[in-house]
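The next block holds one structure in the form of C-alpha cells; read it before the comments.
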Amino acid sequence: MIVAITMAQALNTALHDAMEDDDRVVVFGEDVGKLGGVFRITDKLQERFGETRCFDTPLAESGIVGSAVGMAIYGYKPVVEMQFDGFTYPAFEQIVSHVAKMRNRSRGTLTLPITIRIPFGGGIGAVEHHSESPENFFAHVAGLKVVSPGTPSDGYSLLRESIASPDPVIFFEPKRRYWLKEDAELPTQTEPIGKAVVRREGTTATLFAYGPMVKTCMEAAAAAEDEGWDLEVVDLRSLTPFDAATVVESVKKTGHAVVVHEAQVFSGFGAELAAQVTERAFYHLEAPVLRVGGFDIPYPAAKLEEFFLPDVDRILDTVERSLSF
Amino acid sequence: MIVAITMAQALNTALHDAMEDDDRVVVFGEDVGKLGGVFRITDKLQERFGETRCFDTPLAESGIVGSAVGMAIYGYKPVVEMQFDGFTYPAFEQIVSHVAKMRNRSRGTLTLPITIRIPFGGGIGAVEHHSESPENFFAHVAGLKVVSPGTPSDGYSLLRESIASPDPVIFFEPKRRYWLKEDAELPTQTEPIGKAVVRREGTTATLFAYGPMVKTCMEAAAAAEDEGWDLEVVDLRSLTPFDAATVVESVKKTGHAVVVHEAQVFSGFGAELAAQVTERAFYHLEAPVLRVGGFDIPYPAAKLEEFFLPDVDRILDTVERSLSF
Amino acid sequence: MSTASTEPQATAPTVDPATMLPPEQPVQILDDEGNLHEVEGFPLDLKDEDFRNLYRYMVLARRVDKQAINLQRQGQLGVYASLLGQEAAQVGGAYALADQDWVFPSYREMGAALVRGVDPGKILHLFRGTWLSNHDVKETQFGLLSIPIGTQALHAAGFAMGAKFDRKDIVVMSYFGDGATSEGDPHEAMNFAAVYDAPCIFFVQNNQYAISVPLSKQTKAPTIAHKAVGYGMPGYRCDGNDVLASYAVTRQAVDRARRGEGPSLVEAVTYRMEAHTTADDPTRYRTPEEIEEWKRRDPIARFETFLEKEGLLDDEFRAQIDEEAKGYAARMREEIYDAPHGDPLELFEHVYVDPPPSYEEQRSLLRRELDASKAGE
Amino acid sequence: MSTASTEPQATAPTVDPATMLPPEQPVQILDDEGNLHEVEGFPLDLKDEDFRNLYRYMVLARRVDKQAINLQRQGQLGVYASLLGQEAAQVGGAYALADQDWVFPSYREMGAALVRGVDPGKILHLFRGTWLSNHDVKETQFGLLSIPIGTQALHAAGFAMGAKFDRKDIVVMSYFGDGATSEGDPHEAMNFAAVYDAPCIFFVQNNQYAISVPLSKQTKAPTIAHKAVGYGMPGYRCDGNDVLASYAVTRQAVDRARRGEGPSLVEAVTYRMEAHTTADDPTRYRTPEEIEEWKRRDPIARFETFLEKEGLLDDEFRAQIDEEAKGYAARMREEIYDAPHGDPLELFEHVYVDPPPSYEEQRSLLRRELDASKAGE
Ligand SMILES: Cc1ncc(C[n+]2csc(CCOP(=O)(O)OP(=O)(O)O)c2C)c(N)n1
Ligand SMILES: Cc1ncc(C[n+]2csc(CCOP(=O)(O)OP(=O)(O)O)c2C)c(N)n1
Ligand SMILES: [Mg+2]
Ligand SMILES: [Mg+2]
C-alpha cells in the first residue's frame, strides 16, 4: 500500500526488517534502546528484538565502533549509531585505522560488515557540534563506502543494502529530512549503492547533491523555471563508490555543473567531483564546475545558520555564474 | 655560516630557538624528553630547558592535544608532537572540535597558539600506520592552518612562524626528508606561511607539491629536460591558507597543471587545488588539472610502497597525459 | 612565566593504596531531615554568612534555571539543559573555590556559573543560538560550556599543568557527568593530572543518567569515586543533595590540590529532576516513583530546614533573595528575549587572527546575499 | 546465532569493593631461586607434562625471538619488537586459555602466538613488509598484530560481547602494555566488557617502559592492577617473570570469565630486556645497572632451576626442544629470507568485497607502470 512515509519511518522500518531477516544484525549505541534514539530511528527495536539485539552502550564512541569491529569479527553485523555528526570524531581512529583497513590488512580474510549511522547536517537550529557535515573525511579513507539518502524510499533501500554489504558503510542520514515525506510502499528497492540517479531531467545545467541538499536542489530547479532555466538534478546517493559515469553523462549533456553540499567548500566533496568532472569531461564543460556549500568557517550558532547554509538563492546565483562564464 | 643542514637539524634548531626566545613555548609529547623523540627532532631540548619546558607525556594523543588546549588558555604556546601520522587520529576530536573552533566559539577572546607537529608520509619502509598522509582531513577544518615544509630552510622558518602564530597550526614534517640536506645558514627567514613559492621556473607545465613531494617534483622536472619539457615547480608550503594567486599565476603561464601528493587521490588535497585552479583559470587551461598521488587503497606494506607512491615516472607520465590532452 | 627553571618539580606523595577506596556511604553532613552531623576529615569552616550564601546561591540557581526553562518554552531558546535537583552539588562544589581559581564546565553548570559570578543571561546565548558562547572566559575564569562529552576535562588538566609549571596558586575545577566517565578523554585527563600532580578537581555530578542510560548500564564500578583509584588519586564521594557535604568534601580536595598534592575526583551523588534537555522525553525511561523518591531528598528543602532550625533564615533574607532572583530573571529575559543575532558578517571575524585570503571573497559573497535579500524584502 | 532470545542475560555479581584492591606484592609462586610456594586462591592444576610444556614454550619463544632479531640485523625485517624477558608473562598467560578461546594481541606477542599455534614465520611478514599481515585469524583464533596502541582491546571486548550474547563458551584475551593503559581505548574496552559481563581478560604486560617513558611517568596508580577497580572488575597482579604465577593468576581470571562472571585485568610485572624495537636506542633512557638487576630475575633460568630440582628436565628433553627451536628458526628463515612481495596488483584485491569502479582504472595505471618498468629494465 502506498502511503506517505517519512525518512525517519523508512529508516526505522529498514532496521526492523533487517533485524527480522537476519539475526546477526545487532543495533547499538547511545540511547538507542529504551529511548529509541534521540531521533527515534531505533524506536521499538529493543522491545521487539530484546536487549542482546538492540542495546544501549556506555557513552563512548570509540568504544562503540571498536566493539563493533570485535563483534563483526565474531560474526555479527553491527549497525551502530553515532548520536550526532559532531560526536563521530572520538571514533575516528577506530574507523580510519581499523574499520576501513582490516579487510585489506588481513588479505581478505576478515570482512567487517559494519554500518555506522550518522545523523548529519544542519538546518534544525541545534547547538554547536550537532550540525556538522563530516562526510568528506570518510570519502578520503579507502576501504569505506560513504552513503547518504535524499529521499525516504532511498532511505529504506540504501540502509538495507548498507547493512547487507560485506564492506563497512558510513551511512549519513540527513537529519533535517527525517520528517520529509514521500508516497511510497515499504519495502522499497531503489538503485544500488554506487549508482547516482537523475532526479529531474534538464538541459541548462546540472546540480549535483546528496542527502539533505537533494531536496534543496529540487526546489532550486523548480524556482529556476521562472528564469527559464531547465536544470537537471543528480542525486549522488553515495560518495564512495562515486558514480562518475552518470555524473559525466549529465555534464556532457548540459555543459554546466554545480555541486552542492552543506559542508565547508574548502576540501569538501565538491572538490573531488569538480576534479573528476573536469578531467573526464574537459571538452564538454562550458564553465568550470562551481561549488556551493558552507563557508570555510565553523558551523555557526543556530540563529546564524541560515547565512551559512546553501539555499535556493545561493544555488541559483551560482548557476547564473556558471551560465555567464 | 652557510653549511649543509638537514631538515631534522633545521627543525630541532627552530624548536630550540623558539624556546630560547619565548619562555611560554613548551614542547611535549610521547618520548620527546629524554629520548629526544623517535626522530630526535626534540633532541637535547629537555636537557637545555628542563622538564617543565620539554616533557614526556603518558601515551595518549587526545590527552596531549587536549591538555595543550588547556595550557594555551593558561598562556603557554604548546608545541606538541604526534609520534607518527597514523597516531594523530585519537586526537581528531580535540583538534576538530576544540583546537580549530575555540577562537571562533569564544568570539575571539580565546586564541590557541598551538603547533601540532606530525611526521608524515611514506617512503621509509615503515610498518603500517607510520606512513599516512592525513593532511587533507585538516585542510577541510576551518580554523586551522596546515603547513608543510619541503626544504630545510623552510623547515626552520615555517616552524618558527608556526610557533609564533596565534592561530593553531598543523605542521606536517616530511619524515622521509628529515635527512635531506641543504646549504643554508640558520636562522633562515623564508617567505611567510600562506605564500607558495616557485622552486623552479618553467613554461611547459606546472607541478604543484608540498612536503616530501617537492623534492620528487624537482627531480621530475630535471628528468623532464630529457623530454624537452621545461617544467615549473611550485611548492605550496601551506594548504591553509592556500595561495591561489601564485598557483593561478603559474597556470596562466604554462596552461598545464599537475598536482602531486602522497595521499590517496580521492578527496585528497589535489582535488581542492584542481577545483580552484579550474574555477580561477578556466580559459587558460589547455588540459584539466591532473592529479598524481597514492592509489585509493590503504597504505601498503613496506615492500610494496614503491608501487603506491608517486615517483618521477608517474609524474612524467601524467605531464605527458596533460600535454597530449 | 617563571618556567625557565630546570629544577625538578616537587612531587606529591603517592596516595596510600590501603586508604584509597571511597567509603561505602557518601559523605553526608545534613541528613534528609536537615540535621547536621559533623564528619571526621571534612570540617566545616563556614560562618553564618556562608551558610546563608550557600542557600542564596541554591535558590538563585533554581530560579535562574526556571527562567531558562520558561524562555525555552516561549521559543526564546532552542534547547536548555536544566540543573534542577543538582543545586547543592554545583553550588557546594563551586563555593569551595577561591577567587583565583578556574572552572571548566560542561553544559549543565548554571549553578556553578552563578557562584563564580558569571552572568547567566550571557550563558544562555549558547542555547538561544545568537552566538556559540557569550561570556568572557578570561574575565570570569569560567571556561566555555563544553558540549562534546568529557573533552573539557583535558582542558582543565592542561590548564592546571600550566598553573603548576608556572608555580601559581590556582586550582582548576572540571565538571562532567556520570556518563562522561565512560569516554576516553576524562580518563586521559585524570591520568595526566595525576602524573603531573596538577591542581585539578574532577567534579562528577552523578545524576544517575546519561540522557536515558542509567548508571547501572554506564559502569560496573561500585561508585564513580572508585575510578580515582586507577589514577592514584583520592576519590571522594558526597551526598550531592547536601550542600554542606558537597562543600566540605570538595574543600578537602581543593585544599589538597592547593598544597601541591595533586588532583582528586569528587563524586556528588544527585539526581537530574528534569528531562535531559528540553528536547527529551524522560517518561520513556524512568518512573514517576523514582522521581518522587528523589523529590523527597530535595537539596534546598533540606537545607532550609537546617537554616530555620539555626535561625539563619528569616523573611527579610528570603525576600532579599526573591528580589535578587527576580533581578536575575529580568536580566536574563532582557538579555535573551528576542535577542537579535549580530551581523552575519561577524561570522568571518573570529575564526583566525590571520584569516586566509579566501575570506575576503567569501565575505563579499555573503554581503551580496544579504544585500539581495534586503532588496527582495 | 542464538541471539533472537529476549530473556535478559544473567548478570555477574558485583565485585565486593572491600576485596577489590590488588595485594601489595604481585603473586609469586616460584621465588627468584626457583622454589615453589603455593599461593592461596591460585591453585596449580598442572601435570608434569604441563610444566615441561611451559618450559618448552618459553625456550622456543626466546629462540624464535632471537631468530627474528637476527633476521632484522641481516636486513630481512624492517623492524622487530622483541619479547626478551617477557617469555613467562606471555607463555604463562596464554597457557591458561582453552582451545576455543581467542586472542587479540599487540605487536610484541610472539610468545603468545607460539602457544596458540600460530606460525611465527607468518607473523614476521608484517615486520618484513611483504604484506600487512599474513596469518589466518579465523583459523588460528589469533587476531592481527595491532599497532595503534590499545585499539585492539576494544576488538577483544566486542568479540567477547558477541560470544556472550551468542552464549558460546569462548574466553577472549587482549594483550597490551603499560603505556597503553593511558589511552582512551583500553579504558573504554574495560568499561564495555565489565558492563556486559563479557568474558574478556585484559592482560597487561607491564614491562616498565613505553619506548623511553618509564611507568612512573605513565601513571600515578600504585599498580596497573589498581585500574581494574574503576571498572568494577578484579585486578590481578603477578610476577610476570614467574611462569607459574602468570599461569595460575590468569587461569583464575579465565575461569571466572568462563563461569560468566565477567572480565578481569591481569597485570604481569616484567621487564623489556631488549630495545623497544630494533630501531630504538635504550641507552638514552636506562642504565646498565637496571638491566643487570632484571637479568638476575630471568624467567627461564628460574623455572629451569625448579624443573631440575623436580627432575623434570633432562638432556633428552633439552635436546628435543633445541631441535624444535632449530626447526622453527629454519622455518622462519625459509618463510622470510628474501621473501618476495606478491604481485603489486594484489594491492587492489582485498580492500573491498565490492570495489568501486575507479579501481579498474587505477589497476590499469599500475599495470602500465609495471610493464613500463619491466620494459625499462
Ligand atoms: C562526544 C559526545 N557524545 C555524545 C553526546 C550526546 N550527549 C549529550 S549529553 C549526553 C549524556 C551525558 O550524560 P552525563 O555525562 O551523565 O551528563 P548529564 O547530561 O547527565 O549531566 C549525550 C550522550 C555528546 N554531547 N558528546
Ligand atoms: C596510538 C599510538 N600512539 C603511539 C604509538 C607509537 N608507539 C609504538 S609502541 C609505543 C609504546 C608502547 O608502550 P607499551 O604500551 O608499554 O607497550 P610495549 O611496547 O612496552 O610492549 C608507542 C608510543 C602507537 N603505535 N600508537
Ligand atoms: Mg548524568
Ligand atoms: Mg611497556
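Quantities reported herein were computed from a predicted structural model and do not represent experimental measurements. The sequence lines fix the lettering, A, B, ..., with proteins before strands; numbering per chain opens at 1.
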May I ask you to test the [X]-[Y] pair for a side-chain heavy-atom distance under 4.5 Å?
X	Y	answer
B:Val127	D:Tyr107	no
B:Lys34	D:Arg284	no
D:Asp280	B:Leu35	yes
B:Phe307	D:Leu345	no

Could you check B:Phe308 against D:Leu366 for side chain to side chain contact (heavy atoms under 4.5 Å, CB included), going step by step and ending with a plain yes or no?
CA-CA 9 Å; B:Phe308 172 86; D:Leu366 179 54; over 6 Å; no
Is [X] close to chain D through its backbone or its side chain, or both, or neither, when contacts mean heavy atoms under 4.5 Å?
X	value
B:Arg40	side chain
B:Phe295	both
B:Val265	neither
B:Tyr299	backbone
B:Glu61	both

Minimal non-hydrogen separation, [X] against [Y], with atom names:
X	Y	answer
D:Leu347	B:Pro300	CD2-CB, 3.5 Å
D:Ser182	B:Ala60	O-CB, 3.4 Å
D:Gln362	B:Asp296	NE2-OD2, 2.6 Å
B:Leu304	D:His341	CD2-ND1, 3.5 Å

Contact part of [X] toward chain B, heavy-atom cut-off under 4.5 Å: side chain, backbone, both or neither?
X	value
D:Ala279	neither
D:Arg128	both
D:Glu369	side chain
D:Ile149	side chain

Select, from [options], the one with the greatest count of heavy-atom pairs under 4.5 Å involving chain B.
options	result
D:Tyr352, D:Trp131, D:Phe127, D:Tyr359	D:Tyr359
D:Pro344, D:Gly150, D:Ser133, D:Pro355	D:Pro344
D:Gly78, D:Ala180, D:Gly129	D:Gly129
D:Leu365, D:Val351, D:Ile147	D:Ile147

Is there a donor-acceptor pair under 3.5 Å between the side chain of D:Tyr285 and the backbone N or O of B:Asp31?
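No; judged by distance alone, with no hydrogens or angles, the pair does not exist.
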Kindly say whether D:Val213 contributes a backbone atom to a donor-acceptor pair with the side chain of B:Asp56 at under 3.5 angstrom?
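No, the answer is negative, given that no donor and acceptor are paired below the 3.5 Å cut-off.
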Does the pair B:Glu30/D:Lys217 count as a salt bridge with the N-to-O cut at 4.0 Å?
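No.
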For the atom pair CD (B:Glu306) and OG (D:Ser373), what is the distance rounded to the nearest 0.5 Å?
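Here the interatomic distance stands at 8.0 Å.
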Nearest 0.5 angstrom please: B:Arg314 CZ to D:Arg368 CZ, how far?
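Reported to 0.5 Å precision, the distance equals 10.5 Å.
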Please evaluate residues B:Gln83 and D:Ile211 with respect to the criterion side chain to side chain contact (heavy atoms under 4.5 Å, CB included), reporting the C-alpha separation (whole Å), side-chain torsions for both, the decisive distance (0.1 Å), and the verdict.
CA-CA 11 Å; B:Gln83 198 161 82; D:Ile211 309 187; 3.4 Å; yes
